[in-house]
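Input: a single structure, listed below in structure tokens.
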Amino acid sequence: MHMADALESAVSTVLNTLYGWDGPVELQETRKDFEGDATLVVFPFLKLSRKSPADTAREVGEALLAATPLVVRYNAVQGFLNLVLSSEQIQARFDAIRTAEAWGTASVDPAAPAAMVEFSSPNTNKPLHLGHVRNILLGHSVSRILEASGRKVVQVQIINDRGVHICKSMWAWQQFGGGITPESAGKKGDHLVGDFYVRFDQEYRGQVRELMAQGLDEEAAKAQAPCMRAVQEMLRAWEAGDTEVRHLWATMNSWVYDGFNETYRRLGVHFDRNYYESETYVLGKHDIEEGLARGVFYRRDDGSVWIDLREEGLDEKLVLRRDGTSVYMTQDIGTAIQRFADFSIDRLTYVVGNEQDYHFKVLFLILKKLGYAWADQLYHLSYGMVDLPSGKMKSREGTVVDADDLLHEMEATARSLSEELGKTEGLGEAEKAKLYQVLGHGALKYFILKVDPRKRMVFNPEESIDFNGHTGPFIQYSHARIKSILRKAEGRPAAWSWAEVSVDERSKELIQTLDRFPEAVQQAARTYSPAVVAQFAYDLAKAFNSFYQANPILNAETEALVGFRLELCATTASALRSALDLLGIEAPERM
RNA sequence: GGUCCCGUAGCUUAGCUGGAUAGAGCAUCUCACUUCUAAUGAGACGGUCGCGCGUUCGAAUCGCGCCGGGAUCACCA
């Protein structure tokens, strides 16, 4: 039970006795400038009390003193009743926190249906970039948070492995590759394939220019460019199952997957199941036919199939082309249904950029109209784009921030900062490399996850991400310092009991911050927002640093106090580690 | 044009199920390391919460209308 829960019910009882109030009672944290642990706003009760705000506050305060041992003091400031909790309450809270199995997180019920989270979902024609990084970090963190809220989670990605884009890379590789492979080039496969995608684009633009010089207009030139025709021919061959094309396709895609997996590994994420569009693009047609029979969709004279969503404030939307082939929507309908058949899940979250808000609104509506009960449990975690100071990232202009490069730069920054500060003495080369990775990635991940997912964010590659202040490394540092103290304390007997120690103000604030952890996790899960956990982790680190500055640990006045503070330190360290873990950030033992 | 999202100190942002004097970090300026890691702590400076009207005892928070930024409205994916 949260500290406030017992108090809330006591307040509720008092209000009912005094004024016959039976509505909800909400307490808030007392502002720092006033004495107290919890505050009741009495304005809502004035009509019933028929007294001034201050008098009402005092009346409720007196009644609470008499009614419950939880409250030892109160003060009334205008309409605000500030309540001071008994020290037994604080002690009881810390007892609950330190004895908890994994404070803050709920245990997963393995029998209950899981929550599925789809994220990353790349195309196989180029390497991952900064936009994917935000997506991946959000998806992974939300998955961890859902788990911590007591849900089993299935993480999936859908890989767009077929279509013109990959044929472009394939064609360029055939033309200009000279049989090169990731091994022979010494290059990650996704980057190598991406190079050929760029190569194609160069070729294409050259051909278009040439044709236009010969007098064709732009549209005609684009359609007639030989390389584009070749690619379209290749796509047809792919669809017809041409052995050679399929073989090349499989080979180049496997290069890309090796590259992606390397990046995923560095980021510390994984997927329980991959869906491939080459397999899922046929899904959905059957469901459309069924819906057509039940009148959810309608067929136009030309044979195309539509849904009318004008009553819902949207438009009419095509779900099957005139020639009976699928559109994106068709496939998404089929894939969603497939997933609920593949797994025991009762909800599905899509981590996809806000440019697809409309698409998902329509998709969810259609599934609802098709009568799936789980349609209400579909959620589009819509996040804002990552832009550069100059605007959008554009691959043509070479302004795309590559994920691998970015990770490498973060590690390099961590290295130079650590060396500058002289923090790496006594570490082996492997340990150092590991530490720079942990810190650099921690800085990047926190930088991205601390902001509300919905907000678009600007990333300036010229300015390195901070390691001081409201950052990942700040939290990691707080953890490392605690671990350092705990190492020094090893073997020291430090038994203590509440009879021997009293809780000072900083310790109390630290305990109260720790106490918020479970609620922070639940709120983050409810709102699909890692930013809530990020903010909590920061608050906790801050509360600890304040406490630490004011209180000697190993040199405390009494051995009992040493024991108490050590336990408070250890409890804080593990909470910090858990919170960082929910963000996909590692907590170093030293730094 | 219709629809959706965003707008809080110079910059990055928290607060958004309505509550006290709107919290942080960066930057700038003080102070604190012979003492458990100064990637830290304590403090100063900095705000018409885009603008207006409304609801309310009370609005950054809710409603309406503007302004600014972004996205989207393809038989593209």
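No experiment lies behind these values; they were computed from the predicted model shown. A, B, ... follow the sequence lines: proteins, then strands. Residue 1 opens every chain. All values below were derived from every heavy atom in this structure, side-chain atoms included, with hydrogens, water molecules and symmetry-related copies excluded.
Nucleic acid contact for Ile485(A): sugar-phosphate only, since backbone atoms but no base atoms lie under 4.0 Å from a heavy atom of the residue. Among the protein residues, Arg322(A) comes within range of the nucleic acid bases, having at least one heavy atom under 4.0 Å from a base atom. Glu277(A) comes within 4.0 angstrom of sugar-phosphate atoms only, judged by non-hydrogen atoms across all strands, and of no base. Here Lys392(A) lies in heavy-atom contact (under 4.0 Å) with sugar-phosphate atoms only.
With salt bridges taken as basic N to acidic carboxylate O contacts below 4.0 Å, one links Glu233(A) and Arg236(A).
Checking G25(B), G19(B), C75(B) against the side-chain heavy atoms of Ser304(A) singles out C75(B) as nearest. Side-chain atoms of Arg321(A) lie closest to C75(B) of the nucleotides U37(B), G41(B), C75(B). The side chain of Ser546(A) sits closest to A42(B) out of A42(B), C36(B), A14(B). The side chain of Tyr477(A) has A38(B) as its nearest neighbour among C75(B), A77(B), A38(B). Comparing G25(B), C6(B), G19(B) against the side chain of Val41(A) picks out G19(B) as the nearest. Checking U21(B), C6(B), A39(B) against the side-chain heavy atoms of Arg454(A) singles out C6(B) as nearest.
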List the steps and the verdict of side-chain contact (heavy atoms from CB on, under 4.5 Å) for Ile465(A) and Tyr446(A). CA-CA 10 Å; Ile465(A) 290 173; Tyr446(A) 195 86; over 6 Å; no
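Under the stacking criterion of a centre-to-centre distance below 5.5 angstrom and an interplanar angle below 30°, Tyr548(A) is not stacked against the six-membered ring of G41(B). By the 5.5 angstrom centroid cut-off and the 30-degree plane limit, Phe43(A) is classified as not stacked against the base of G58(B). Centre separation under 5.5 Å together with a plane angle under 30° holds for the ring of Phe80(A) and the six-membered base ring of A20(B), marking them as stacked.
Look at C11(B): its Watson-Crick or wobble partner, with both distances under 3.5 angstrom, is G25(B). Base pairing annotation: A71(B) forms a Watson-Crick or G-U wobble pair with U3(B), both donor-acceptor distances under 3.5 Å. Base pairing of C64(B): its partner is G52(B), meeting the Watson-Crick or G-U wobble criterion (both donor-acceptor distances under 3.5 Å). A 3.5 Å limit on both hydrogen-bonding distances identifies no Watson-Crick or G-U partner for G58(B). Across all strands shown, U17(B) has no partner, as no Watson-Crick or G-U wobble contact with both distances under 3.5 Å is found. Taking a pair to require two hydrogen-bonding distances under 3.5 Å in either a Watson-Crick or a G-U wobble arrangement, A42(B) pairs with U30(B).
Remark: the Ser418(A) side chain and the A39(B) base include a donor-acceptor N/O pair separated by less than 3.5 Å. Residue-to-nucleotide contacts include a donor-acceptor pair under 3.5 Å from the side chain of Thr39(A) to the base of A20(B). One N or O donor and one acceptor, one from the side chain of Asn82(A) and one from the base of A20(B), sit under 3.5 Å apart. For Lys423(A) against U37(B), a side-chain-to-base donor-acceptor contact under 3.5 Å is present. Between the side chain of Asn354(A) and the base of C6(B), no donor-acceptor pair under 3.5 Å is found.
Residues Phe360(A) and Tyr350(A) place their aromatic rings such that the two centres sit under 6.0 Å apart.
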